[in-house]
Amino acid sequence: MADGPVQIVLNPQSFREARRTPQGGGAGKDFYKGHNDEFVAHQSSLLDALAGILQRRSERERVNVTVQMRPDALAKSHRPFRSLFTPRRASHVGTGNYGELIFALSPVALAEVMGQVQRAETEVMWRTNARGVSVYSPSPARSESSAIEHIREWSPSDARGYSLDDAVAWLSQDTSGKLVVDLLDLPNQGEMREASAREVLRLAAVARSRPDLVRLDSASPTTRVLFEASPQPELRLKPPAGRILRSENLIRESIRLFETSEAVKRVRLQDIIEPNDGTVTSSSEDAQLPVPSLGSVDRAVVGVIDGGVAGPFANSSHYVVGRAGLVAAEHRGLDQVNHGTRIASLVALGSALNPGLLPPSEDCRVYDLDLFPGRAYRDLYYASLDDFLDEVRASVDRAKSETGARVFNLSYNLRRAPGGSPYSLAAEGLDQIAVDLDVVFVISAGNLSAIEEREEWPPRTEDALAMLARVQVDDGMHPPAESITNVTVASVNPPGMLLGIEGAPTRYSRRGTMVPSAQKPDFAAVGGGTPSSGRETSGLRAVDSFGQPGDVQGTSFAAPLVSRYLATLDATIASDVSRELLIALGRVDQEVPLLGG
């Protein structure tokens with residue numbers, strides 16, 4: 001407190017109460033309090049579900065069941081660990097969607113769970129506590145049963161969200177796509193744990209025999225160490241680029257093999273890397289590159305993860321301070337290099353190309369992470385998404401070590417696989433890299449195609465809601481824009497557009513998608529508006545690899561505006577700050593007209 005740094009506490013006894021230890025298993029809460037008839041019906045439904053599973057799986061040594069908690073019972077204190085699925089009976093081996101707990105148990109233990117549910121009283125007694133107060137006192141069995149929405153057998157095929165035909169089509173069209181097999185944790189102890197360990201080793205051997213098609217994954221460190229330590233196969237020659245060694249029978253047989261294993265949580269299809277499209281209108285003018293100021297060597301550095309930086313400023317240390325140098329010159333694609341150069345020009349020359357729109361104080365230097373080769377050469381560099389993420393980690397680590405860069409622009413999106421999770425493997429990988437290396441990735445939200453674009457955003461809120469209701473296409477974000485620990489950037493209209501409202505979402509910008517623990521996108525910046533005629537500009541300009549300026553349009557070009565802002569903010573702060581604080585400061589700064597949190 002500014003006016004009173006010392007605080008005198010006159011009632012210290014109020015702060016010395018013993019802390020209450022959570023009871024677990026619902027902490028005595030009955031979610032059907034006052035509705036006993038409804039609980040009876042709910043109890044009957046749970047018993048029917050358990051009896052059906054037991055009837056189907058009575059001859060098996062292990063049964064996987066999923067317990068879906070009620071939306072208002074997601075807290076850990078409500079989990080059914082005290083009375084129903086106790087550690088003696090069941091092992092918590094994984095989670096599915098929100099509030100889905102996956103347990104492994106024997107048929108005998110499952111029958112015991114049924115008995116506990118059946119013992120839950122249909123009328124709760126009141127008792128007098130130590131203070132003489134009458135309190136509502138449900139049993140642990142009643143409390144835990146009331147917190148459960150429903151119970152069902154866990155089936156990887158039910159959880160996959162795509163058909164076998166979808167899988168064949170997806171994996172045949174692009175050799176970088178894979179089957180990702182998520183493993184459940186090992187059970188707690190006993191013969192079931194030993195049997196599961198043997199099964200994981202068997203699955204690891206199968207996956208290693210099909211490295212071009214299958215990847216094992218697990219959230220459990222114990223399981224991961226187990227399959228990573230399994231025997232390695234003999235080295236095999238990498239198949240020639242472009243050759244698809246995936247028959248339809250192999251794909252279908254692989255999915256069936258893994259989905260019938262009790263150690264498998266689900267079999268997913270991996271997303272595919274592809275360029276993030278943006279509309280560009282070229283100009284015949286020569287780019288007027290500014291003369292570097294005396295203080296330019298002290299400007300912040302932004303890492304640009306793209307197809308490479310070329311053009312008139314690419315060889316100047318005033319603008320480009322380092323390179324990953326991954327993609328050979330003969331493997332670069334013109335579209336990818338132009339895309340990367342335009343991104344870099346907005347980072348380094350944004351104020352000169354867009355005077356009055358971008359402040360000169362936020363012009364930054366660029367570290368060129370040329371990680372995207374031309375489409376025809378992608379398979380030479382990345383056999384899978386994992387290979388790409390490994391290269392991102394190594395290159396970002398090197399760029400940070402050499403220049404201190406902490407902000408990295410990624411104006412690329414992935415094509416989401418059928419049945420893809422709202423939290424993609426790419427987003428998960430980038431989140432882990434960001435936390436491990438203490439950096440921030442600034443990711444574009446993605447663009448709608450010309451035929452998918454919405455109408456221009458109307459001025460009245462009720463009209464905007466009606467317009468969104470008329471949208472017939474999926475305009476949610478593409479991976480990895482749903483990244484939780486990094487930031488995503490949408491595009492808004494610049495000032496001066498004839499039809500587009502200044503600061504309103506552009507008609508092509510993808511909208512936020514429901515993501516656990518996050519609201520997306522995090523920022524919005526000018527990405528170029530949609531011209532109403534051939535004489536109108538997009539309101540945002542960049543320079544291509546030939547040194548030609550032109551109008552640009554896309555969330556790809558909104559992201560670098562946020563990247564340069566965050567990097568400058570980080571460099572302005574005298575002491576080191578956490579990446580989380582940097583993001584938070586960026587969100588609350590209301591003095592930057594281009595950004596909105």
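Computed from heavy atoms alone, side chains included, the values below leave out hydrogens, waters and symmetry copies. For reference, positions follow the sequence shown, starting with 1.
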Exercise. Show your reasoning for whether side chain to side chain contact (heavy atoms under 4.5 Å, CB included) applies to Phe441 and Val396.
Key: CA-CA 10 Å; Phe441 293 101; Val396 166; 4.0 Å; yes
Quiz prompt | Candidate pair Ile151 and Gln68, rule side chain to side chain contact (heavy atoms under 4.5 Å, CB included), full reasoning | solution = CA-CA 6 Å; Ile151 297 175; Gln68 174 65 59; over 6 Å; no
Exercise. Determine, stepwise, if the pair Val264 / Leu203 fulfils side chain to side chain contact (heavy atoms under 4.5 Å, CB included).
Key: CA-CA 9 Å; Val264 170; Leu203 296 178; 3.7 Å; yes
Exercise. Would you check, one step at a time, whether the test side chain to side chain contact (heavy atoms under 4.5 Å, CB included) holds for Val304 with Leu369?
Key: CA-CA 6 Å; Val304 176; Leu369 289 89; 5.8 Å; no
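Within the model, atoms OG of Ser145 and CG of Leu46 stand 6.0 Å from one another, a figure rounded to the nearest 0.5 Å.
Between Arg160 and Asp158 there is no salt bridge, since none of the side-chain N atoms of the basic residue sits less than 4.0 Å from a carboxylate O of the acidic one. A salt bridge links Glu199 to Arg202: one of the charged nitrogens lies within less than 4.0 Å of a carboxylate oxygen. Salt-bridge annotation for Glu191 and Arg198: present, with a side-chain N of the basic residue lying under 4.0 Å from a carboxylate O of the acidic one. A salt bridge is defined here as a Lys NZ or Arg NE, NH1 or NH2 lying under 4.0 Å from an Asp or Glu carboxylate O, and Arg511 with Asp475 meets this definition. Between Glu153 and Arg57 there is a salt bridge, since at least one side-chain N of the basic residue sits less than 4.0 Å from a carboxylate O of the acidic one. A salt bridge does not link Arg142 to Glu121: none of the charged nitrogens lies less than 4.0 Å from a carboxylate oxygen.
Heavy-atom neighbours of Glu580 CD from other residues, nucleotides or ligands within 6.0 Å: above the threshold of 12. The neighbour count for Glu61 CD, taken as heavy atoms of other residues, nucleotides or ligands under 6.0 Å away, does not exceed 12.
Between the side chains of Ser411 and Asn409, at least one donor N or O sits under 3.5 Å from an acceptor N or O. In this structure, a donor-acceptor pair under 3.5 Å is absent between the side chains of Ser444 and Tyr412. A donor-acceptor contact closer than 3.5 angstrom is absent between the side chains of Ser424 and Arg416. Ser157 and Glu259 are not linked by any side-chain donor-acceptor pair at a separation below 3.5 angstrom, with hydrogens and angles left out of the test. There is no side-chain donor-acceptor pair under 3.5 Å between Ser143 and Asp30. Checking Arg62 against Ser196 by side-chain atom types alone, a donor-acceptor pair falls below 3.5 Å.
Classification of the Tyr382-Phe388 ring pair by plane angle, with boundaries at 30° and 60°, yields perpendicular.
Judged by distance alone, the side chain of Asp166 and the main-chain N or O of Ser163 form a donor-acceptor pair under 3.5 Å. Not a single donor-acceptor pair under 3.5 Å links the side chain of Asp185 to the backbone N or O of Thr223. A donor-acceptor distance shorter than 3.5 angstrom exists from the side chain of Glu144 to the backbone of Leu84, with no hydrogens or angles considered. Of the possible polar contacts, none joining the Ser509 side chain to the Pro505 backbone as a donor-acceptor pair under 3.5 Å is found. In this structure, Thr260 contributes its side chain and Leu257 its backbone to a donor-acceptor pair below 3.5 Å. The backbone N or O of Val473 lies less than 3.5 Å from no partner atom in the side chain of Glu452, so there is not a single donor-acceptor pair. A donor-acceptor distance shorter than 3.5 angstrom exists from the side chain of Lys400 to the backbone of Leu437, with no hydrogens or angles considered.
When all heavy atoms of Phe523 and Ile583 are compared, the pair lying nearest together is CZ-O, 4.2 Å.
Proximity of Glu391 to Leu326: side-chain heavy atoms (C-beta onward) are separated by under 4.5 Å at one or more points. Inter-residue side-chain proximity for Pro480 and Asp271 is flagged as unmet; no heavy-atom pair is nearer than 4.5 Å. Proximity of Leu101 to Pro80: side-chain heavy atoms (C-beta onward) are separated by under 4.5 Å at one or more points.
Aromatic rings from Phe85 and His92 are positioned such that their centres are separated by 6.0 Å or more. If you look at Phe372 and His339, their ring centroids are not closer than 6.0 Å.
Within the structure, salt bridge (Lys or Arg N to Asp or Glu O under 4.0 Å) contacts touching residues 422-440 (residues at least two apart or in different chains) are Arg393-Asp436, Arg406-Asp438.
A search for ring-ring contact (aromatic ring centres under 6.0 Å, His included) contacts involving His331 returns Tyr377, Tyr381, not counting sequence neighbours. By the side-chain contact (heavy atoms from CB on, under 4.5 Å) test, Arg152 is found to be paired with Thr66, Glu100, His150, Trp154, residues two or more places apart in sequence or in another chain being considered.
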